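The structure appears below as structure tokens.
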Amino acid sequence: MQRALELAERASEEGEVPVGALVVRDGEILGEGWNQPIASHDPTAHAEIQALRAAARFAENYRLPGADLYVTLEPCPMCASAIVHARIRHLIYGASDPKGGACGSVFDLLPSDGRFNHRTLCTGGVLADDSSELLRAFFRARR
């Protein structure tokens, strides 16, 4: 999660909302990402999507069984769906997102929605204070 926080700081330095993510399997980082929707003019360029794309390219497979995703903020519904499609084993996130989180805060897509054909374990609150402070500082500076 510490590496995800470093990636979130990179996003902040680039003027993006500070969210960072990485995909790990068997102790190896397969892919990293940070929020880039503004710079890339791409509404799907969330940190999770960027990390999943990089991991899939590295693994040469759009499925990432046995891989874990670390992200500083609870994923949105779009990212939660991508996590399911990638077959991520375990999602570990920092801060909850009370405005759009899909892991129990607003929506409950992971892991309890039984309509999906894959279940992803979820653990939230890992370094949540650090993740939340990055977000608060970013938005405070923009006001």
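No experiment lies behind these values; they were computed from the predicted model shown.
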If you compare all heavy atoms of R53 against all heavy atoms of T44, which two are closest, and at what distance to 0.1 Å?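 In terms of heavy atoms, the two residues are closest at NH2-OG1, 3.1 Å.
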What are the two closest non-hydrogen atoms of A51 and V23, and how far apart are they?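 Nearest pair, atom of A51 first, then V23: O-CG2, 3.8 Å.
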Same hydrophobic cluster for [X] and [Y], using side-chain heavy-atom links shorter than 4.5 Å among ILVMFWY?
X    : Y   : result
V19  : L7  : no
V126 : I88 : no
L109 : I92 : no
L127 : V17 : no
Y70  : F58 : no

Can you tell me how far the [atom1] atom of [X] sits from the [atom2] atom of [Y], to the nearest 0.5 Å?
X    : Y    : atom1 : atom2 : value
L110 : R119 : CG    : CZ    : 10.5 Å
I83  : L69  : CD1   : CG    : 5.0 Å
R63  : R87  : CZ    : CZ    : 3.5 Å

Between Q50, E48, M1, R3, which is the residue that forms a side chain to side chain contact (heavy atoms under 4.5 Å, CB included) with L22?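 Among the candidates, only R3 passes.
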Only one of D68, V71, L121 clears side chain to side chain contact (heavy atoms under 4.5 Å, CB included) with L91; which?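 When side chain to side chain contact (heavy atoms under 4.5 Å, CB included) is applied between L91 and each of D68, V71, L121, only V71 qualifies.
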Is the backbone N or O of [Y] less than 3.5 Å from a side-chain atom of [X], with the two atoms forming a donor-acceptor pair by type?
X   : Y   : answer
S12 : P18 : no
N35 : A47 : yes
T72 : G20 : yes
H46 : G33 : no
E16 : A39 : yes

For a side-chain contact (heavy atoms from CB on, under 4.5 Å) check, start with the C-alpha distance between L134 and E9, then their side-chain angles and the critical distance, and finish with the verdict. CA-CA 7 Å; L134 267 175; E9 288 175 8; 3.7 Å; yes
Give every donor-acceptor pair under 3.5 Å between a side-chain atom in residues 94-106 and any protein atom, sequence neighbours left out.
| residue | atom | partner | partner atom | Å |
| --- | --- | --- | --- | --- |
| D97 | OD1 | K99 | N | 3.0 |
| D97 | OD1 | G100 | N | 3.3 |
| S105 | OG | E74 | OE1 | 2.5 |
| S105 | OG | E74 | OE2 | 3.4 |

Please determine which of E13, E6, E14 meets the salt bridge (charged side-chain N to carboxylate O under 4.0 Å, His left out) test together with R10.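 Single salt bridge (charged side-chain N to carboxylate O under 4.0 Å, His left out) partner of R10 among E13, E6, E14: E14.
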